[in-house]
Number of protein chains: 2
Amino acid sequence: MSQYGAIMASAEFVRVLSFFKALSDESRLKIVGALAANDRSVEELATLLDLRAPTVSHHLAKLKEIGLVDMRSEGTTHIYRINMSEMRTLAKRVLALDTIETLGEDLVEDAWDRKILGDFFEGQRLKEIPASRKKREVILRWLADRFQFDKRYPEKEVNTIIAKHHPDFATLRRELIGARLLARESGVYWRP
Amino acid sequence: MSQYGAIMASAEFVRVLSFFKALSDESRLKIVGALAANDRSVEELATLLDLRAPTVSHHLAKLKEIGLVDMRSEGTTHIYRINMSEMRTLAKRVLALDTIETLGEDLVEDAWDRKILGDFFEGQRLKEIPASRKKREVILRWLADRFQFDKRYPEKEVNTIIAKHHPDFATLRRELIGARLLARESGVYWRP
DNA sequence: CATCTAATTAGATCTATATCAAAATAACAA
DNA sequence: TTGTTATTTTGATATAGATCTAATTAGATG
């Protein structure tokens, strides 16, 4: 089982999430700030932040894990240093516009459509016309799919096709036009 | 009592922390991703993420609080939209190099020095010379402060001054030179 | 006005994690 | 080797916050 939910998230998603998690804690932000000014030992950071050494050690481990800091030993003392180039690299990547767009790409995009269709259809029959625009949209898209792209339909045939699914074909036909899912000119309809 | 610890943190620190906290949750990141592609209602997001509506509402409130999303009503449905310009603005500000440097500015910078001096001094007398470089540095800086900037000292006087605090004036004098806290030329010392 | 629907709020629960004290480790010093 | 010091690891505790159900609110509709 993945650390980040049931559905395997993309590597990029995990990277972005780890970055934000690493910096979303008050103590860790202060550590980053303190290291931005100077390299420092664990004990020094603990004194500066008024925390015990194990706590600081714990935070430093998290920052080190994603490469935001690195460590060198001097005898028994461990001196931590901020890794500015990694900071810049991660920050830039995380904030890129196209990265933000990838964040949603593991979602099952049509789950919503399937749910609405399931809720409002009984077999081929539309139980009712949804009141909310968002839901009506889904129904209308589905209805539009009953028409072929390369064919021209007389109004009578449009009505027949819609009426197979719901008696109020007039309203639905009008809505299809309004949503520009069907087009009409002098009594002939087609799918634009 | 402040939400972010006993010492009042700067407004900028709080802003940065809020930004990271807002985006450090898997569900909220997915919401941002979903909204990057399309405006969506609460119910739609809930279906997409496989969560209950109240949970999504909770997350949206957090994102709205710092202005990353905004909302418009259509009847009883609330449609959320990502605020890309605010996203860009915040992101740029938060990740700016000089912002990172301000993160440490509320720390009491000399807490460490005071602790080390307290640990190693008994009145004016240095109990021992710290083994670790980090701590020795603090002691040496303090010793250097016993010398004036505009004065030149013969070696004998340097020794006398140091010996007031610790018998091993030779080692300490050498260390002061090594750390470039004192300078020497032909038997005369000064503070550079 | 009564009813319905979508959203929010309130309250409870459960999980993640920040923190600490105590024990274990690692590097050095005597 | 034994002792000392700085750090890390372990294990326990406490707090924050993500999630759910149930109750409430706000619009829309009949």
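Convention: sequence-line order gives letters A, B, ...; per-chain numbering from 1.
Using a 4.5 Å heavy-atom threshold, the side chains of K151(A) and R191(A) count as separate.
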So which protein nitrogen or oxygen atoms get under 3.5 Å of nucleotides 19-23 of chain D's nitrogens or oxygens?
{"from": "dT19(D)", "atom 1": "OP1", "to": "S27(B)", "atom 2": "OG", "distance (Å)": "3.1"}
{"from": "dT19(D)", "atom 1": "OP2", "to": "S27(B)", "atom 2": "OG", "distance (Å)": "3.4"}
{"from": "dT19(D)", "atom 1": "OP2", "to": "H59(B)", "atom 2": "NE2", "distance (Å)": "2.3"}
{"from": "dC20(D)", "atom 1": "OP2", "to": "R52(B)", "atom 2": "N", "distance (Å)": "3.0"}
{"from": "dC20(D)", "atom 1": "OP2", "to": "T55(B)", "atom 2": "OG1", "distance (Å)": "2.7"}

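The stretch residues 166-176 of chain A has no heavy atom under 4.0 Å from DNA chain D, so no residue of it qualifies as close. The stretch residues 70-81 of chain B touches DNA chain C through T76(B), T77(B), H78(B), Y80(B), each having a heavy atom under 4.0 angstrom from the strand. A heavy-atom distance below 4.0 Å to DNA chain D is reached by these residues of residues 125-142 of chain B, ordered by number: K135(B).
Interatomic distance, CG of L181(B) versus CG of L143(B), reported as 9.5 Å (0.5 Å rounding). Here the CZ atom belonging to R28(B) is positioned 10.5 Å from the CG atom belonging to L68(B), to the nearest 0.5 angstrom.
Taking side-chain N and O atoms only, K62(A) has a distance below 4.0 Å to OP1 or OP2 of dA18(C).
Evaluation of the ring-ring contact (aromatic ring centres under 6.0 Å, His included) test over residues 153-176 of chain A, restricted to residues two or more places apart or in two chains, returns W142(A)-H165(A), F147(A)-Y153(A). Residue pairs meeting the ring-ring contact (aromatic ring centres under 6.0 Å, His included) criterion with at least one partner in residues 47-79 of chain A, sequence neighbours excluded, are absent.
The environment of E65(B) atom CD is sparse: at most 12 non-hydrogen atoms of other residues, nucleotides or ligands sit within 6.0 angstrom.
For the salt bridge (charged side-chain N to carboxylate O under 4.0 Å, His left out) criterion with E175(A), the lone passing option out of R136(A), R141(A), R133(A) is R136(A).
Whole-Å rounding puts the E44(A) CD to dT7(D) P distance at 10 Å. The separation between L45(A) atom CG and dT8(D) atom P is 11 Å, rounded to whole Å. Atom CD of E65(B) is separated from atom P of dT9(C) by 11 Å (rounded to the nearest Å). In this structure, R40(A) atom CZ and dA6(D) atom P are separated by 18 Å, rounded to whole Å. Rounded to an integer number of Å, the gap from E26(A) CD to dT17(C) C1' is 15 Å.
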So I139(A) and F121(A), side-chain contact (heavy atoms from CB on, under 4.5 Å) or not? Walk me through it.
CA-CA 9 Å; I139(A) 302 298; F121(A) 274 95; 3.9 Å; yes
What do the steps show when you test F13(B) against E26(A) for side-chain contact (heavy atoms from CB on, under 4.5 Å), and what is the final call?
CA-CA 9 Å; F13(B) 186 92; E26(A) 185 181 353; 3.9 Å; yes
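In this structure, E155(B) pairs ionically with R173(B), as a charged nitrogen and a carboxylate oxygen lie closer than 4.0 Å. With salt bridges taken as basic N to acidic carboxylate O contacts below 4.0 Å, none links K134(B) and D39(A). Remark: E12(B) engages R15(B) in a salt bridge, criterion side-chain N to carboxylate O under 4.0 Å.
A distance-only check finds a donor-acceptor pair linking the side chain of T160(B) to the backbone of K156(B) [under 3.5 Å].
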